[in-house]
Amino acid sequence: MDSNTLYYSLDLVSGSGLTLSSEQKAALQTSLVILKRNNKFNRILFWGKILGIKGDYFIAQGVSEDEMTDKKSLYSFNCVDWHLLPPATEAMLAEVSAAAKGRFVGDPSHEYEHTEIRRQGEGDEAVEEEIMIKVKEEKRLASTVHTIDKEVSVVPRGAFIKSPHGLVQTNRSFEGLSSLEAGKLSCFLHFTEPQKLKKKSILEMADLNPSIDFLDPLSEDIPKGSWSLQFERGSTVCVIRSMLWLGLTFFHVPMTPQHGYIYMGDGLKNLDLPFML
Amino acid sequence: MESEGALNNQRELTSICFKAFMLKNSTKSNLNLYDHFARVLTKVMDERPENVVDVIEDMSREVKRGLLMDKQSTLRDIPLAPAAQLLAEQQRLLFSRGGGDDGDQEVETPLPNVSEVGFFLEQAGVGLGREEMLRVFLALKQLVDSQPLARCRLWGKILGTEGNYLVAEGEYRDGEEEEGINEETAEDAEGEPRDDDEEAEVVEVIDTLPRSTFKPPPVVPKEDNRTGVNKFTYFVCREPGLPWMRLPTVTPTQITAARNIRKFFTGRLDTPIVSYPPFPGNEANYLRAQIARISAGTQVSPLGFYQFGEEEGEEEEEGGRDSFEENPDFEGIPVPEMAESLSTWVHHVQHILQQGRCVWVNLAEKPEDDFEEEADEEGKEEADEPEPEVGPPLLTPLSEDAEITTTPPWSSKMSSTLISQFAIAVLRSNLWPGAYAYASGKKFENIYFGWGLKFAGEVYTPTVPSMPQREYTSGPEITEALDSSLEEEQALKAALEEQKAAQDETAGLGGDEEEEDDD
């Protein structure tokens, strides 16, 4: 969520139970401004909090020109000193998924070890090699943040437009969804490269506006029911929670341009989802 | 001069024509271009936005949309979503003072100090936001006014897919409890043989249908109200302001079933739980079972806050102590100590045994009416005596808690490192994510905000369905026999006639008769 609106948006997502203490909020408001100026970001967002066993990580993201691809993530323990996270590559994602299991420890230099026995050669000449994969928690953090953004980041339809040059930018004339639209999951889109959009038939694409509808809507996610849409606070805020990554909360106040999402949880994907619905 | 005048006239004529053209109303929307441009330019003049030329199309569309909406609103009011309105009305009641409040200041109120709890929780980074917490506490006050409770406490909030539950824990005053709820019991497998008997009678079959030899394991009896798992009564509501509903008491079968399934809550108390192994009850029962498990696992207090009563001189062998009282001499443990070591915290809710109860019950004791079975099993009873299940006694420190694979069961920290003199100690459970406890001097509180699920450490594997039963035991009654063919029957008939003839001839001899069996 945008750091400018942090102080009131945090109340809107607190329905999940986790919030920030007043000390942390105050520290964030100061340090995010400094961070924005030092790194020359266009906008800076407070992404959320990942709970570890010994300590918690606070994550912030800075956005430059293109809202979708030009993102840099930073982490901190006390909301004052921030460190840059390495950008997540395919190789890093593969390493992390093989080696890192269980909860986050809370120490960025902690190493997860995983030994794999690989056979090289064929038949009788097979030689077994024990390959040890070591992954630092920092890399695990970077790939978790990247994966969560890729899988469950949410924006309302119309909030971002794609310019003819391909740049994704905020839509300044976005006035919010109406209360009726805010009750439908199809009006909310994943904020990442679309996967299902190109497979749509021309008939379906006829109703879409290419500058707004360049993302996948939430209603097409499998399994159905992996999103929970509710109106909270006396039906003034529309809150969407993900069941796949427990802890991701998106809020939108209908008829206003206020929207944002935050992740506050332990950073583990809920693989039991199909059994739980 | 004339030509100029004529030119001007022509220009004027053209411009008047063009203006007339612009004033022509569109057939579709009854607007005309002239008025529309006038409105758009007025808007630009009033608002003076940045980079107007980039956003002019959007502004034009806004103006058009604005016109249409105005026309609609003169015909009928745009209704506020009815759900929102109902909720707002009900929440308004929260803010009105009930009658008879004047005398309340002297009577001890069962509510805790609400704003203080909210404040401490906020320091710990947990909570619903200030206004929502206030609404929740007003709703608690409403509950206390409507039910005769001796004590009441906010237990927490459980999230669901379509709605959430706010849970309050209460203890009725002595003698005030009502048994209002009909608890539905699950249908046992014992229903089946009975049905078969009825069918058999109706059809009048000579062979009775085989009786099933399946005896379901004896049902563990439920604990009484105010003891063990059912010590407190729980109330839930969807949003503060909506009526509170009382949850039924929990049975041990429900607890053991809840341990084997993993399901999200939906937010409606009457949803059936479709799962394997089948859960005996609906969502209200499942919710109550999870609340019982969470309370047993995560309700903690500082060491020394509670102590055992002085009446029992010796430790009892069965069950252990299950009652405690507040220690009036409790001095409070310094916060840094509480945040560092887990042995300064103790559980104050009884552990739930494998059986699903807090106090173990011996199921091997048969009731006194089945004399036949007793005679058979006398020899077996001593051998099969199940071992009593023992759990950790009440008020054990948290350092004795077991780890889940490699994760420690609790994480603790101070709420603030900058102002550590006034910080509080915060404890977070890793076994039940969402359970928190804080302590500061003599004050402490437990709360739960989460989905109501346990952290298993590994991926959930559902129980495999049981193996299908073997076929019915084969015996002579049901083994198939081949029907004899025509030749064989004729041969048998011929053989019998021969024998009969032989018999008649040798009537007095009384030879052996051989009977040939057909197999």
Side-chain angles (χ1 to χ4, degrees), chain A residues 8 10-25 27 49 51-56 77-78 80 101-103 105-106 171-175 178-180 183 225-236 241 243 246-247 254 264-266 268 270-273 275-277, chain B residues 49 55 58-59 61-62 80-81 83-85 87-88 91 122-132 135 156-157 159-164 239 241 261-264 267 275 405-408 411 413 415-419 428 430 433-434 436 447-451 453 455-457 459-460 462:
Chain A
Y8 63 79
L10 213 48
D11 268 349
L12 300 173
V13 288
S14 300
S16 322
L18 280 174
T19 167
L20 295 176
S21 75
S22 27
E23 188 186 310
Q24 288 159 354
K25 266 194 264 194
K49 193 163 134 176
L51 309 172
I53 297 179
K54 296 191 198 141
D56 304 333
F77 286 105
N78 52 6
V80 176
K101 307 238 185 294
R103 298 219 21 208
V105 170
N171 181 3
R172 277 186 298 154
S173 358
F174 176 59
E175 289 201 349
S178 68
S179 308
L180 195 61
S226 48
W227 294 95
S228 142
L229 192 152
Q230 289 169 24
F231 281 93
E232 290 200 354
R233 296 192 142 230
S235 298
T236 48
R241 293 201 181 95
M243 303 284 152
L246 288 175
M264 300 242 230
D266 51 13
L268 297 175
N270 181 17
L271 293 167
D272 306 327
L273 181 63
F275 294 117
M276 294 163 82
L277 292 174
Chain B
V55 293
D58 287 324
M59 292 189 80
R61 223 179 285 142
E62 282 302 311
L80 183 62
Q85 207 167 22
L87 188 60
Q91 289 192 334
E122 198 187 316
Q123 293 299 306
V126 168
L128 298 172
R130 293 213 189 131
E131 293 85 12
E132 191 68 20
R135 268 191 282 253
K157 179 172 174 179
L159 304 168
T161 53
E162 291 166 30
N164 308 321
E239 292 257 350
I261 65 176
R262 201 168 164 82
K263 283 266 178 195
F264 278 125
S275 65
T405 55
T406 50
T407 332
S411 298
K413 60 179 199 256
S415 66
S416 140
T417 43
L418 294 173
I419 317 177
R428 194 169 68 207
N430 294 329
Y436 300 92
I447 202 125
Y448 181 83
F449 289 113
W451 297 91
L453 301 166
F455 174 69
V459 186
Y460 167 71

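Each chain gets a letter, A, B and so on, in the order its sequence line appears, and its residues count up from 1.
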### Task
Among the options A:Leu271, A:Ile53, A:Asp11, A:Leu273, pick out the one with the most heavy-atom pairs lying under 4.5 Å from chain B.
A:Ile53
### Task
Calculate, to the nearest 0.5 Å, the distance between atoms CG and CG belonging to A:Asp56 and A:Asn78 respectively.
12.0 Å
### Query
Could you give the distance from CZ (B:Arg130) to OG (A:Ser22), rounded to the nearest 0.5 Å?
6.5 Å
### Query
So what's closer than 4.5 Å to chain B heavy atoms on A:Leu268: side chain, backbone, both or neither?
side chain
### Contact class of B:Leu159 relative to chain A, heavy atoms under 4.5 angstrom
side chain
### Query
Highest number of heavy-atom pairs under 4.5 Å with chain A: which of B:Lys263, B:Glu162, B:Lys413, B:Glu62?
B:Lys263
### Task
Name the option with the most non-hydrogen atom pairs under 4.5 Å to chain A; the candidates are B:Arg262, B:Glu131, B:Glu122.
B:Arg262
### Interchain contact, A:Leu20 with chain B, by part (heavy-atom threshold 4.5 Å)
backbone
### Message
Rounded at 0.5 Å granularity, tell me how far CG in A:Leu51 sits from CG in A:Asp266.
### Response
6.5 Å
### Query
So which part of B:Ile447 gets closer than 4.5 Å to some heavy atom of chain A, the side chain, the backbone, both or neither?
neither
### Query
Quick one: of B:Pro408, B:Gly163, B:Ala124, who has the most non-hydrogen atom pairs under 4.5 Å with chain A?
B:Gly163
### Message
For a 4.5 angstrom cut-off between non-hydrogen side-chain atoms, does B:Ser411 reach A:Lys54?
### Response
no
### Side chain, backbone, both or neither of A:Gln24 within contact of chain B (heavy atoms, under 4.5 Å)
neither
#### Entry: Which atoms of B:Val126 approach chain A - backbone, side chain, both or neither, heavy atom under 4.5 Å
both
### Task
Could you tell me the separation between the CZ atom of A:Arg103 and the CG atom of B:Asn430, rounded to the nearest 0.5 Å?
4.5 Å
### Task
Output yes when a side-chain donor or acceptor of A:Asn270 lies under 3.5 Å from a complementary backbone atom of A:Met243, and no otherwise.
yes
### Query
Can you say whether A:Phe275 sits under 4.5 Å from chain B via the side chain, the backbone, both, or neither, judging by heavy atoms?
both
